[in-house]
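To start, the structure under review is shown below, and the notes come after it.
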Amino acid sequence: MFVIVICTIVEGLGNCSGINRAIKLSYRSINSSAYMLGKVVRSAAIVNDLNAKGIPLISSLEEIPKYKKASILIPTYGISECIIKKIDRLGYRILDNTCPRVKFVQRIVSDASKKGWILY
């Protein structure tokens, strides 16, 4: 017995609303001393385009020249609370691209951790 499976590859479905929101915020940040702290979205084409338009991709806050007023674009997948506190401490403006759904899960995990639950 043979089973025939027909697969259709659909192109151009686009991005989820969290990614679209992050892309819009990132492009609005051009010419505002903004830096991408990690890839804002997973699309290399968008990250490269933002970089070419003046938003450098950095992997560490130490890459920002000292005493420079800067805005930090947070990736859609979020960053740890300790890095957010460090950004605040250094006086940089946070442009939070974290996907709202990711933030929701982060809040649940944070609340569970504060209650003493062990999370893996």
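Along the sequence shown, residues carry numbers from 1. Please read all numbers here as calculations on a predicted model, not as lab measurements. As a basis for the values below, the full set of heavy atoms in this structure was taken, side chains included, without hydrogen atoms, waters or symmetry mates.
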(message) For Asp111, I'd like to know if atom CG has over 12 heavy atoms of other residues, nucleotides or ligands within 6.0 Å.
(response) yes
Please report the closest heavy-atom contact between [X] and [Y], naming both atoms and the distance.
| X | Y | answer |
| --- | --- | --- |
| Ala34 | Leu73 | CB-CD1, 4.3 Å |
| Ser32 | Ser71 | O-OG, 4.0 Å |
| Gln106 | Tyr77 | NE2-O, 4.0 Å |
| Asn51 | Pro56 | OD1-CA, 3.5 Å |
| Ser60 | Leu37 | N-CD1, 4.1 Å |
| Lys103 | Thr98 | CG-CG2, 3.6 Å |

What about [X] and [Y], same hydrophobic cluster or not, with Ile/Leu/Val/Met/Phe/Trp/Tyr joined at side-chain heavy-atom distances under 4.5 Å?
| X | Y | answer |
| --- | --- | --- |
| Ile87 | Val102 | no |
| Ile74 | Ile58 | yes |
| Ile19 | Leu50 | yes |
| Tyr27 | Leu95 | yes |
| Ile94 | Ile79 | yes |

From [atom1] ([X]) to [atom2] ([Y]), nearest 0.5 Å:
| X | Y | atom1 | atom2 | answer |
| --- | --- | --- | --- | --- |
| Ser26 | Lys53 | OG | NZ | 12.0 Å |
| Thr76 | Asp96 | OG1 | CG | 10.5 Å |
| Lys39 | Ile46 | NZ | CD1 | 12.5 Å |
| Ile55 | Asp49 | CD1 | CG | 9.5 Å |

(message) Measuring only between side-chain heavy atoms, which start at C-beta, is Lys69 closer than 4.5 Å to Ser33?
(response)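 Answer no - side chains too far apart.
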(request) State, with a plain yes or no, whether a side-chain heavy atom of Lys86 is found less than 4.5 Å away from one of Leu90. (result)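 A side-chain contact exists here, since the closest heavy-atom pair is under 4.5 Å.
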